[in-house]
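Residues take their numbers from the sequence shown, with the count starting at 1.
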Amino acid sequence: MYAYIKGELVEINPDHIVIETGGIGYQIFITGQTFSCLPALGEEMKVYTYLYLREDAMMLYGFLTKDDLELFKLLISVSGIGPKGGLAVLSVLSADDLRFAVLSEDARAIAKAPGIGAKTAQRVILELKDKLSLEEAFEKKTEHVQMKESEGNHQIKNDAVLALTALGYSQTESLKAVSAVEITDTMDVESVLKAALKHML
């Protein structure tokens, strides 16, 4: 029903976020890994979503990449693992780590997820091993390494915005000033902060 939701990040909690778009605030449940990669409040973001329907509830689960969403769908297809279990596994293991854990039959790594016991971890391996390939696992890993390199700048921007708001500037002023800085590969948070402060004067 919802392939993805794109809008302003208006609320952040350890287990869920709220994204506002078209005057509607969507509560979206997230993994611990997603939480650690969120942009600053007020920024626009895109989340790939999975709608889970129960008799008494409609819940949205969100992921920063299509790959994470696909892995989540695979996880909840395993008998005994619901959306909560799927989120728990993807909170302790990235999509890449999960692929390698399944293919190398590393049940211990999967069982590190809260609420996932050794038997359930074995079932994940048993039911997903034929749906994953080593070739694909290496391809995805390479893709993600390249993406992370370009995301490094994004993290520096976030940290600079947080630093400016801590100094007493508003979220809007901070975002504006940091966005005006042209970030190069050699810049760190401190140098971005200094350059952004010049835009404040």
Side-chain angles (χ1 to χ4, degrees), residues 1-5 9 11-19 25-39 45-149 151-152 154-155 158:
M1 186 179 174
Y2 300 108
Y4 63 82
I5 291 172
L9 180 62
E11 193 181 311
I12 297 175
N13 298 282
D15 66 335
H16 73 273
I17 55 173
V18 176
I19 292 181
Y26 293 92
Q27 183 188 46
I28 302 166
F29 291 92
I30 56 170
T31 68
Q33 302 233 11
T34 298
F35 176 74
S36 65
C37 298
L38 289 171
M45 70 176 296
K46 181 178 181 178
V47 183
Y48 295 94
T49 52
Y50 177 83
L51 179 65
Y52 178 65
L53 293 169
R54 265 193 349 217
E55 276 181 27
D56 58 341
M58 274 173 69
M59 297 160 101
L60 274 172
Y61 294 87
F63 306 89
L64 295 178
T65 66
K66 273 186 179 177
D67 191 36
D68 286 346
L69 173 62
E70 292 311 313
L71 260 292
F72 175 75
K73 285 180 184 174
L74 278 178
L75 274 170
I76 61 174
S77 73
V78 175
S79 49
I81 291 199
K84 257 191 182 175
L87 281 191
V89 173
L90 287 171
S91 287
V92 297
L93 293 171
S94 67
D96 290 323
D97 292 339
L98 177 60
R99 273 195 196 87
F100 287 116
V102 169
L103 293 165
S104 61
E105 300 190 18
D106 187 355
R108 196 180 289 180
I110 298 167
K112 282 180 184 169
I116 304 293
K119 277 187 179 175
T120 309
Q122 288 288 0
R123 201 180 304 127
V124 168
I125 291 166
L126 195 69
E127 294 190 27
L128 297 190
K129 203 167 182 193
D130 293 339
K131 297 176 182 176
L132 300 170
S133 76
L134 202 54
E135 192 183 332
E136 185 195 21
F138 279 115
E139 270 175 28
K140 293 284 185 188
K141 180 80 176 169
T142 308
E143 266 176 45
H144 296 154
V145 166
Q146 288 165 351
M147 273 169 64
K148 270 199 177 129
E149 283 168 4
E151 279 167 9
H154 186 69
Q155 190 57 51
N158 279 355

Study note, to complete from the structure: Heavy atoms of F63 and T34 approach each other most closely as CA-OG1, 4.5 Å

Practice item. Apply the side-chain contact (heavy atoms from CB on, under 4.5 Å) test between Y2 and each candidate in I28, V47, T49; give the one that qualifies. Key: T49

Review point. Which heavy atom in M45 sits nearest to a heavy atom in I17, and how many Å separate them?
Key: SD-CD1, 4.1 Å

Point to revise | Euclidean distance, L38 CG relative to L64 CG, rounded to 0.5 Å | key: 6.5 Å

Review point. Picking from V89, I110, I81, what satisfies side-chain contact (heavy atoms from CB on, under 4.5 Å) with T120?
Key: I81

Revision key, fill the gap. dist L87:CG -> D68:CG (nearest 0.5 Å) comes out at 10.5 Å

**Study point:** Candidate list L75, L103, L132, test side-chain contact (heavy atoms from CB on, under 4.5 Å), partner L98, passing option
**Key:** L75

**Study point:** Non-hydrogen side-chain atoms of Q27 and E11 separated by less than 4.5 Å
**Key:** no

Review point. Of the non-hydrogen atoms in L93 and Q33, which two are nearest, and what is the gap between them?
Key: C-NE2, 3.3 Å

Exercise for review: State, with a plain yes or no, whether a side-chain heavy atom of I116 is found less than 4.5 Å away from one of V92.
Suggested key: no

Point to revise | Minimum side-chain heavy-atom gap K131-V102 below 4.5 Å | key: no

Revision key, fill the gap. One should read off an interatomic distance between Y52 OH and M59 CE, to the nearest 0.5 angstrom, of 8.5 Å

Review point. For the side chain of R123 and the backbone of S79, is there at least one donor-acceptor N/O pair under 3.5 Å apart?
Key: yes

Point to revise | Pair K112 + D97: basic N to acidic O under 4.0 Å | key: no

Exercise for review: Looking only at non-hydrogen atoms, find the nearest pair between A88 and P114 and report the distance.
Suggested key: CB-O, 3.5 Å

Practice item. Could you tell me which non-hydrogen atom of E127 sits nearest to which non-hydrogen atom of S77, and how far apart they are? Key: OE1-O, 3.8 Å

**Study point:** F35 CZ to H16 NE2 distance, which is reported to the nearest 0.5 Å
**Key:** 11.0 Å

Point to revise | For P83 against F72, the heavy-atom pair lying closest together | key: O-CE1, 3.5 Å

Review point. Which distance, rounded to the nearest 0.5 Å, do you find between the CD of E70 and the OG1 of T65?
Key: 9.5 Å

Check your understanding: Is it true that R108 and D106 have a side-chain N and a carboxylate O under 4.0 angstrom from each other?
Key -> no

